[in-house]
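Presented below is the structure to which this report refers.
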Amino acid sequence: MPSAKDNMEQDFGPVLDVKIPENEKLARSGKLVDAIENLLAVEKQTRNAEDPKATGKVAVAIIRLCFEAKQWDVLNERLVQLSKRRGQLRAVISEMVQEATKYVDQITEKDIRINLISTLRTITEGKIFVENERARLTKTLSKMKEDEGKISEAAKILQELQVETYGQMEKREKTDFLLEQMRLCLENKDYIRAQIISNKINRKMLQDEDMQDLKLRFYNLMIQYHTHEGQFLEIYKSYQSIYDTPSIKKEQDSWGPILQKLALFIILSPYDNTQSDLLNHLVLDKNFEQLSSFRNLLKSFITVELIRWDLLKEVYAKELTLHFGNPTTAEDKANLWNVLHKRVIEHNIRVLAKYYTRISMPRLAGLLDLDISKAESALSDVVSSQAIYAKIDRPAGIVVFVKKQDPNDTLNTWAESVGDLLQLLEKTTHLIHRELMVHNVKI
C-alpha cells in the first residue's frame, strides 16, 4: 500500500487524462451519479496528496458534468460538498468558485440563477481568498433584484459588501462597486448612506487618466445628492470637477452645457468670500467668449450696479428656462427661479449699501422692486448673513448702512489721519529740499 509520502510525490496527470474523459462519457450516457462518485474517489486521492492543481482539475470536472447535464440541485449540492471536504485546499475552492461563476451568466432561468448565486455566496462567506468572486456575485444578485423593481432590496444586498477593505481587488473595480452602492442608495432615497459611501472614494485617484469615466459617474451622483440637499456651491464644485476632466474639454458640445451650469450654480450659491472669489475667477474663463450671454450674466453680478429682475428674466429667459427645466417637478423648477430672484435681491442690497449711508424704507423697497415688508425681510436676511451692516429705524422708516462710531474711536481715527498727513507733509518737504540742493537752486 503506498504511503502518504508516495502519494504526495505521485504525478496524477496521466490518471486524470484517463479518468476525466472516461467519466465524462459515462455522464453523457445518463449515469451522472456514477461518474461523479468515480471522480470523487480520484479527488480524495489528489486532496490527500495535497496536489492543488490535480484536485482543482477534478473538482471543476465534477461541477462541469452537473452543469452540462442541467442537474441544478446536484450542482449546488456538489459545490457545497466539495468546499466542505476535510482539508480542502484554498486554491481548489477558488478555482471551483471561478468556474461556477461562469455558469451564472449562462443560465437564463431566474430561480436557478438565484439558487446558484446563493450557494456560491454561502461557500465564499468569510473566505478572504474568494472575496472578489463573492463581491461580483453579490453585484449580479443586486442587479437582478433591481431589474425586478425591488430597489430597496437591491441596495440592501449590495451594502453588505465592504469593498473598501478588500486588499486583492483592483482600485478601478473597487471604485465601480462603491459607485454602484451610491447609485442604489440615491435611487432608494437613502441620502445619508450615499454621503457616507461617497467619503470612501479617493478623489485624488479619480484624477488618473484611466479613471475619467468613473470620475464623471461619481460627480454626477454627487450632483444628485447635493441637489436634494440644496447645496448649490457644492453642485458648482462638482460641475467644476467634471469641467476639468480632459475628455470633457475636448469638444464644445461636451464642455458648453457644463460651463453654463457652472455660471448658473455659482450665481445661485449663497454669497460669501468663497463664492465671490469663484465667481470672479469663473468669469475670466476664455471659453465664455463663445457663451457671451452667460458671461454677461456673470458680469452683472460682479458689477456694482442694480439688477432689474424683470429685465433679467426677459433677457435670459430662454437660457435659464433650458436649465431650470431639468428638475423633476414644477415645484423644484419654481424653487430655482425663487432662489435666483433672492440672489438678485441680495446683490442689489449689497450695491445699495455701498452707495448709501442712509435711505428711507419706501425708497429701498422701490429700488428692490418689492413691497416694504418683503424688502425689510430681505434686508434682515442679508444682515444676518453678515454680508453688510445695517440698522432699521422703524418709526422713522430709515435704514442706516454705516455703523455708528464711538466718540473715542472717531477721535482716534482723526488723530491717525492727522499723523499720516504730517508724515506725508514731512516727506514731501524733504524731497523738495533734496531737489533744490541737487539743482543748486536758491530761494
Which atom pairs, donor and acceptor, lie under 3.5 Å between side-chain atoms of residues 107-115 and protein residues at least two apart or in another chain?
unit_1, atom_1, unit_2, atom_2, d
K110, NZ, E148, OE2, 3.3
R113, NE, V104, O, 3.0
N115, ND2, D111, O, 3.3

Taking S142 for the side chain and T138 for the main chain, is one N or O donor matched with an acceptor at less than 3.5 Å?
no
ring-ring contact (aromatic ring centres under 6.0 Å, His included) evaluation trace for F67 with Y103
CA-CA 8 Å; F67 173 73; Y103 303 154; 4.0 Å; yes
Output all residues satisfying salt bridge (Lys or Arg N to Asp or Glu O under 4.0 Å) with K200, sequence neighbours left out; order by chain, then residue number.
E164
When you check the gap from the basic side-chain N to the acidic O, do E99 and K102 get nearer than 4.0 Å?
yes
Please name all residues satisfying salt bridge (Lys or Arg N to Asp or Glu O under 4.0 Å) with E153, sequence neighbours left out, ordered by chain then number.
K145
Ion pair check, E160 and R121, cut-off under 4.0 Å:
yes
Exam field: side chain S198 to backbone Q195, donor-acceptor pair closer than 3.5 Å
yes
K250 to W255, cation-pi by 6.0 Å centre distance and 45° axis angle:
no
Hey, is NZ on K156 packed in by over 12 heavy atoms from elsewhere, all under 6.0 Å?
no
With side-chain contact (heavy atoms from CB on, under 4.5 Å) as the test, would you mind laying out the steps for L216 and S247 before giving the verdict?
CA-CA 10 Å; L216 296 178; S247 60; 4.2 Å; yes
How about I192: does its CD1 atom have over 12 heavy atoms from other parts shown lying under 6.0 Å from it?
no
Would you sort out whether Y239 and L262 count as a side-chain contact (heavy atoms from CB on, under 4.5 Å), showing the intermediate values?
CA-CA 6 Å; Y239 274 120; L262 286 172; 3.6 Å; yes
Note, I242 side chain near I223 side chain (heavy atom, < 4.5 Å):
yes
Short N-O contact, R217 and D213, less than 4.0 angstrom
no
Keeping the roles fixed (side chain from K174, backbone from Y166), state whether a donor-acceptor pair exists under 3.5 Å.
yes
Picking from L379, V344, I349, what satisfies side chain to side chain contact (heavy atoms under 4.5 Å, CB included) with L368?
I349
Should we say atom CD of E209 is surrounded by more than 12 heavy atoms from elsewhere, each under 6.0 Å from it?
no
Would you list the pairs meeting ring-ring contact (aromatic ring centres under 6.0 Å, His included) in which at least one residue belongs to residues 201-236, sequence neighbours left out?
Y191-H228
Hey, is R343 close enough to E346 for a salt bridge, meaning N to O under 4.0 Å?
yes
Is there a side-chain contact between I392 and V383 (heavy atoms, below 4.5 Å)?
no
Decide yes or no on salt bridge (Lys or Arg N to Asp or Glu O under 4.0 Å) for D210 and R172, but give the supporting numbers first.
CA-CA 9 Å; D210 61 336; R172 180 179 177 83; 5.7 Å; no
Stepwise side-chain contact (heavy atoms from CB on, under 4.5 Å) test for F265 and L233:
CA-CA 7 Å; F265 283 103; L233 187 59; over 6 Å; no
Sequence neighbours left out, what passes side chain to side chain donor-acceptor pair (under 3.5 Å) with Q98? Give chain and number order.
S94, E133
Scan residues 352-361 for pairs that pass salt bridge (Lys or Arg N to Asp or Glu O under 4.0 Å), counting only residues two or more places apart or in two chains.
none
Closest heavy-atom pair and its distance - L352, L367
CD2-CD1, 3.5 Å
May I ask you to check whether D285 and Y243 show a side-chain donor-acceptor distance below 3.5 Å?
yes
Flag the pair E173 and R136 as a salt bridge only when some basic side-chain nitrogen lies within less than 4.0 angstrom of an acidic carboxylate oxygen.
yes
